[in-house]
Amino acid sequence: MPLVLNEEQRMLRDSVRDFVTDNANVDHFRTLRDKGDGKSYDPDTWAKLAELGISGICIPEAHGGLDFGYMAMGAVFEEFGKQLTASPLLSSAVFGASLIELAGTEAQKSKYLPAIAAGELTVAVAIEEGSHHAPLYTMLPVTESENGFILNGRKAFVIDGQSADLLIILGRSSGDLGDTDGLTLLLLDQDAAGMQRENDRMVDSRDYADLVFADTQVSADALLGSVGAAFDPLVLSLDRARACLAAEMLGGAQEMFDRTIAYLQERDQFGQKIGSFQALQHRAADMYTELELTRSAVMDALSALDEQRNDIGQAVSTAKCRINDTCLHIANEAIQMHGGIGVTDELDIGLFFKRCHVSINLLGNSGYHAERFAGLNGF
Amino acid sequence: MPLVLNEEQRMLRDSVRDFVTDNANVDHFRTLRDKGDGKSYDPDTWAKLAELGISGICIPEAHGGLDFGYMAMGAVFEEFGKQLTASPLLSSAVFGASLIELAGTEAQKSKYLPAIAAGELTVAVAIEEGSHHAPLYTMLPVTESENGFILNGRKAFVIDGQSADLLIILGRSSGDLGDTDGLTLLLLDQDAAGMQRENDRMVDSRDYADLVFADTQVSADALLGSVGAAFDPLVLSLDRARACLAAEMLGGAQEMFDRTIAYLQERDQFGQKIGSFQALQHRAADMYTELELTRSAVMDALSALDEQRNDIGQAVSTAKCRINDTCLHIANEAIQMHGGIGVTDELDIGLFFKRCHVSINLLGNSGYHAERFAGLNGF
Amino acid sequence: MSEIDYDAFRVEAREWLEQNCPVSMRTPPATDRSDNVMGGSKFVFKSDDQRIWMERMADRGWTALEWPRKYGGGGLDARQAKIVRKEMAKLNCREPLIGHGIWMLGPALLEYGSEEQKLQHLPNIVNGSIRWCQGYSEPGAGSDLASLRCKAEDIGDHYLVNGQKCWTSDGDKADWMFCLVRTDDSGPKQQGISFVLFPMDTPGVAVRPVPLLTGESHFCDTFLENVEVPKQNLVGNEGEGWTIAKALLVHERNMMSSMDDTMPAPPKSLVEYATEYVGLNENGRLRDQRLRARMVSQMMNKRALDLTQARAFEEGMAGVLDMRMTSIFKYAGTENIKDNTELLVDVLGHSGVRWDAEGHYEETQRTAAWMNALSFTIAGGSSEVQLNVIAKRSLELPQE
Amino acid sequence: MSEIDYDAFRVEAREWLEQNCPVSMRTPPATDRSDNVMGGSKFVFKSDDQRIWMERMADRGWTALEWPRKYGGGGLDARQAKIVRKEMAKLNCREPLIGHGIWMLGPALLEYGSEEQKLQHLPNIVNGSIRWCQGYSEPGAGSDLASLRCKAEDIGDHYLVNGQKCWTSDGDKADWMFCLVRTDDSGPKQQGISFVLFPMDTPGVAVRPVPLLTGESHFCDTFLENVEVPKQNLVGNEGEGWTIAKALLVHERNMMSSMDDTMPAPPKSLVEYATEYVGLNENGRLRDQRLRARMVSQMMNKRALDLTQARAFEEGMAGVLDMRMTSIFKYAGTENIKDNTELLVDVLGHSGVRWDAEGHYEETQRTAAWMNALSFTIAGGSSEVQLNVIAKRSLELPQE
């Protein structure tokens, strides 16, 4: 159960760190945001990252990837989190690629996976229908027709749904709210007839979309996996995405924490460094302890995926639940301890704060994962 | 909605304070405990308290009481809480008396209430059957027989069940776990044939009993209220008892807090008063804030009872839930801030700590009252 | 006055309010900042009703219930004032006029101002013609306000003021500023601070709005370069500024601890939002147990907080109020608002972190309210400062 | 050593344990303090198996895995030691011998003791013949240990010790005490402290057990009146006591952060207790949502804590361990135990606050474990001291 990066993984992390520090740091993100041209990430940077092989880390070698595992991918996401690097890595190279790998036919795999690994194709997955993460509450009807399927309804908060070339739609072909059976996955091109994309603007200024289907015709060969059997590949793919998102959040929490400690060390009030006030010292020490414990939970989740352990669900829900709470705690303390300037847009802390709060809701808030954890433990 | 004691109530409180400080203080309680003769309170002290009229405060004048209300009774319980005064006031003069007042026939009222008011008769109420407060989970079967009723089964954790002269038994004559209909109350003498009393020894060294019924014959006139209709009088009586218990806990919390602040002001470490450490100052200030807010919630619950408001349930559950959490918080901080001596039996803090933890479970823990509060608010 | 008078007064007040408060001003509570009347020469009324309501109340002096009549106030005693507020609440009447003039400067002038200053400024606050802003904080002086460096040089008949102020709320919309300046460097920092007044259009005053997390700018940096302030605009004596500021801080804390009364309030209750955005399960319980538990705690906490404010008032009336207790309100009040707005966005889930005022106005309002509330535990004496005060003043814990 | 050897070692170790650990010593975890072998002349074995198990392990030096062979230890390296512990855990073998000798004094002597002292004391610790207690805290010196006043006067060939020690765990059952005494009053308090050893039956040593919340007495007050301590019992140099104590504190903190390994563990899991005492509803969910939420948090926290200890070990092996991180373990570990034992009694409800060892042994054990755990965040450097250390050492926050 490795909880520490090995030599190769550390080298990868270092090279990614160097790259994003120079090419995709917080200032780049701020510029991107202020341009307001709707672009949530920089295609050139993404292309360069792909050249580094980042987009292939979790894709099997047989399909043009590096098959380098989730500990490695987690290390990349942590660096992204520290610099607020925006990219389709999570939606496409982790979540989307995983669904195609686990549910797709050989044809589909060889058609899409190499392109995703090369960063030439981006995929987004449409899961949500309400304001809270709830894959089993999927009710978008998938009606079978003579030459395929018909979709009517909408999906919400699709991560990178605006920019993605290809969309994977989770719908229901049978069963009721909460049923694990009856879930079906379909592949749609971004410009599929009868599908409309609406922009969801969120506080983290990244790419989210609602998808609206009006008698959308989907050809039979767009089926990913078999009808009604999406649950198993979906759960594992979700856990892979959750673990990687947790790693990104860990980077963000670490960065907020480090910046706050630095501020405590330098800011003067009442004729002394505010970091010398015991009340703040104890709160900082408490944050540090919480952060170190949460880091271990995140590493364990990534490691569970690499080792295909049978407690992946518990490991991932522990990681997401804890990182949600840790991020919230540290984000609020970071603002409070920075005082007045903490609530200005000029200071970067606010950007981390906003990203953190969106991430908390993505792929399951603490309530969702606490519920799941309790269920897995039989209470 | 009075939240402050009026002149009369303050006078009552002051006289009770003087009395218990001299005659029923923490040292008296410790002596009582160390004697270990099974007596959980001192009958003479109880007699003197009755002379002061304490036992008649909540009993209608028509039945020999003072009808002085719950704000007044709450003030008495707060003083009891500060001195760990042990007495049957809650079980008999509040809970038991209330059930008889609300459910009893005129005959029963005039037979029992004056005696209770005079402190000559003590009553205990048997509610629990499991380890957590759950009146609706009552399943003790009450079988009707030609000359009355027959009981088989057991009740647990009956407050003052060992010493009480008279016992009120909550049983079920119809319906299922959780049903509000079908609950029945019966009056039993302490020496009723076929009933066995077992001592429940708890960390607060007070009087608790389990009652075991084996074909216990109960005469028809022992019925309190009508068969299966105990719910309404029960709920109001429970809320009265909860509000008074909350007031006792408030006194205990206040006393633990005051003693801790005094210790912070006097104890030296690292060449300074430990109360000068900012981390402890902030924790103390936080406790103080929580305690003041909780005090208001307790006063409001007592006031709601006096005014027979329609939000008694919400007011009482808010009070009990908050005082549970506040007591737990302050008790733990009191021990921690006293350091080593805090965990010795020599220091009184431990006695308050133990009483607090028993009280937290009596008549509903925080989970029970949070659940009830949410239900009353429709979520 | 005896009981009877108050009852009569209540009837009177209620009748007048019923007759004079426009229906559109009885839609409680404000759902948008622009529903708050801040007054001043730059203020634009949202509607005639809004203007009429302010004017009618101002005519009776009821925009400042307890100020003396001769300064344009209502001249009511504490109990009458509470009666009027209660009746206004019953009818859901909006506050006719709010702001730093009513909340802060007025009380300061009433206590420390000269008769001339009272007659010059108070009526214009009551009738909403002049809007005031506060010049307290400086880049180097936040929680540690007394270390402020903004310098006021004595040039005979006036002061020459140089320095920078920050967190000037709506400084770009105000007509006048009340400002803390340093008139003396020698001696302890609390001394040598003075309290002065000047118009914002005085030469040398420059204002720069500072964008917050929401992108809006409620606060400004104010730059003061050779600003001439006539000596008759000094409030109290030279060097008395800190005393006045401390007295004012109490008002500010009271103001902030009751922030949510003036804050854009959500059109729906927490429970309604939860039912809509989270949903109830088959047993009628909220689907998300974590959120459910947080809602219970928050609702109980708010209930206890409101009851504590009510209790403090009653104890005051009964003459048994322990003043030390009032030190908790700013801390408890602002932390509660922060928790409450945060809980609400968490209840809204993905919809609570939207930023799309056009497409999703109501949801975005909740998000903005939450981000704004972050500053409540920082401004007006941070929670840390409040805890210090509670520990040292109320609990009398020793200084180091 | 190369990978291979470790694997071979693992096989060997496992075989030996299987052959030599009596079945009755594989009933994990201890359910009663008397299941812990503390050694010493006053210790009474609960069973032959208990004695045999200790003796067999002691013969191989495996009661002190990493101590050198020549002092009776196992002479293993860190990795081998971990292997043995893992294998013991797999077989549920109990700790053969625990206590201050193994945990505290041994490491101290290995680092600071003279060769004579090592040869005299270490073997007797390994074989369990001598039990040690610790003489650190004094009535006036708790968290602020360095301010201790227990005086050791230099009388030529020996010291004359006078003073009082408190929190001497099991002082009434120990054979020897390692003790901090003041040999010099001049200069800063950390200097002038020395580390001495003496038998508990030395004339002038008096011990008084102090009853705790549970009524039991695990700790004693120790009174020292003209106690003669020969100079060869001084460990390290005169005045070096504080350095040794600080080094030891680390061991104590590690010991306490892994307290629960040696603590009487409940026969059932938290979930089993909850199912039995609280009950599940029709959907298989715990009836009490508050307790359910606390259980989830606690279980996740424990999981994360264990993982963090494992990570620290791995990082150490990989040579990338940031030592600053290890400062969290005493704080996080003891707080977790306190929360866990408290949660368990809350899960038991009324049954969790019983005090009836005869009638309700198992429940009363839970209650006692909870009350005992209260001291874990106080003893061995309180949580407050730990937070200071984390802030100043690990986070390098400035001193005041």
Side-chain angles (χ1 to χ4, degrees), chain A residues 128 130-134 137 156-157 178 198-205 208 267-272 274 277-280 283 321 324-325 328 331-332 335-347 349-351 353-355 357-362 365-371 374, chain C residues 137 139-144 146-147 166-167 189 210-217 219 276-279 286-294 338 342 345-360 363-364 367 370-372 374-375 377-379 382-384 387-388 391 400:
Chain A
E128 313 302 346
S131 292
H132 290 267
H133 177 63
Y137 289 173
F157 305 106
E198 297 173 357
N199 193 351
D200 275 322
R201 290 218 236 78
M202 312 276 262
V203 292
D204 66 351
S205 310
Y208 304 91
R267 165 80 168 173
D268 287 301
Q269 285 285 277
F270 305 102
Q272 60 191 100
I274 60 174
F277 289 110
Q278 194 194 32
L280 296 186
R283 278 157 60 183
C321 190
N324 281 350
D325 298 346
L328 179 64
N332 281 333
I335 299 269
Q336 182 68 24
M337 289 183 179
H338 274 85
I341 58 166
V343 296
T344 63
D345 183 64
E346 288 163 16
L347 203 74
I349 284 291
L351 299 175
F353 178 89
K354 290 171 175 176
R355 174 58 182 166
H357 268 276
V358 174
S359 305
I360 282 173
N361 284 288
L362 296 177
N365 65 8
S366 296
Y368 178 91
H369 288 289
E371 189 64 44
Chain C
S137 303
S143 291
D144 182 16
S147 67
C166 56
W167 307 118
K189 62 187 178 181
V210 178
L212 299 183
L213 292 177
T214 56
E216 309 161 74
S217 310
F219 299 97
E276 178 179 343
Y277 284 83
V278 182
L286 202 70
R287 278 184 180 140
D288 187 315
Q289 289 194 359
R290 274 260 187 134
L291 288 172
R292 186 169 185 250
R294 284 174 62 195
K338 198 163 84 172
E342 180 182 282
V345 299
D346 289 347
V347 161
L348 297 190
H350 293 104
S351 306
V353 283
R354 281 189 189 279
W355 199 246
D356 182 1
E358 301 83 54
H360 300 274
E363 290 166 350
T364 303
T367 317
W370 157 61
M371 287 195 275
N372 285 326
L374 292 170
S375 64
T377 57
I378 296 169
S382 69
S383 286
E384 290 73 20
L387 289 169
N388 287 338
E400 276 188 53

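Per chain, numbering begins at 1; letters A, B, ... match sequence-line order.
Heavy atoms closer than 4.5 Å to chain C are found in both the backbone and the side chain of Gln269(A). Of the two parts of Glu128(A), only the side chain, counted from C-beta on, holds a non-hydrogen atom closer than 4.5 Å to a non-hydrogen atom of chain C. If you measure heavy-atom distances from Ala370(A) to chain C, the contacts under 4.5 Å come from the side chain alone. In this structure, chain A has no heavy atom under 4.5 Å from any part of Glu276(C). Using a 4.5 Å cut-off between heavy atoms, Ser383(C) touches chain A through backbone and side chain atoms alike. Looking at Arg355(A), there are no atoms closer than 4.5 Å to chain C (heavy atoms on both sides), in backbone or side chain. Both the backbone and the side chain of Phe270(A) come within less than 4.5 Å of a heavy atom in chain C. Contact annotation for Leu328(A): only side-chain heavy atoms (C-beta onward) come within less than 4.5 Å of a heavy atom of chain C. With a 4.5 angstrom heavy-atom cutoff, Leu351(A) does not touch chain C via any of its atoms. Contacts of Ala141(C) with chain A are made by backbone atoms alone, with heavy-atom separations under 4.5 Å and no side-chain atom involved.
Chain A forms the most heavy-atom pairs under 4.5 Å with one residue out of Leu291(C), Thr364(C), Leu348(C), Leu387(C), and that residue is Leu348(C). Ranked by heavy-atom pairs under 4.5 Å with chain C, the list His357(A), Glu198(A), Gln336(A) is led by Gln336(A). The candidate from Lys354(A), Glu346(A), Arg267(A) with the greatest count of non-hydrogen atom pairs under 4.5 Å with chain C is Lys354(A). Annotation: maximal heavy-atom pairing with chain A below 4.5 Å, among Arg292(C), Met371(C), Arg287(C), Lys338(C), occurs at Arg287(C).
Residues meeting the ring-ring contact (aromatic ring centres under 6.0 Å, His included) test with Trp167(C), sequence neighbours left out: Phe219(C). The side-chain hydrogen bond (donor to acceptor under 3.5 Å, both in side chains) test applied to Ser137(C) returns no partner, not counting sequence neighbours.
Atom CG in Leu374(C) sits 13.5 Å away from atom NE2 in His338(A) (nearest 0.5 Å). Interatomic distance, CE of Met202(A) versus OG of Ser351(C), reported as 7.5 Å (0.5 Å rounding). Here Asp345(A) contributes atom CG and Thr214(C) contributes atom OG1; the two are 8.5 Å apart, rounded to the nearest 0.5 Å. Taking CE of Met337(A) as the reference point, atom CD of Glu384(C) lies at 7.0 Å (rounded to 0.5 Å). To the nearest 0.5 Å, the span separating CD1 on Ile335(A) from OG1 on Thr377(C) amounts to 9.5 Å.
No hydrogens or angles considered: a donor-acceptor pair under 3.5 Å links the side chains of Asn365(A) and Asp288(C).
A centroid separation of less than 6.0 Å is found between the aromatic rings of Trp370(C) and Phe353(A).
Nearest heavy atoms, His350(C) versus Gly130(A): ND1-O, 4.1 Å. The two atoms that bring Arg290(C) and Cys321(A) nearest to each other are NH2-SG, 3.5 Å, heavy atoms only. Considering every non-hydrogen atom in both Val347(C) and His132(A), the closest pair reads O-NE2, 2.6 Å. Looking at every heavy atom in both residues, Leu213(C) comes nearest to Gly350(A) through CD2-CA, 3.4 Å. Minimum heavy-atom separation, Gly349(C) to Asn361(A): CA-OD1, 3.3 Å. Nearest heavy-atom pair, Asp356(C) versus Arg201(A), reported as atom, atom and distance to 0.1 Å: OD1-NH1, 3.4 Å.
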Exercise for the section: Go through the steps for Asn332(A) and Glu342(C) under the test side-chain contact (heavy atoms from CB on, under 4.5 Å), then give the verdict. Expected result: CA-CA 10 Å; Asn332(A) 281 333; Glu342(C) 180 182 282; 2.8 Å; yes
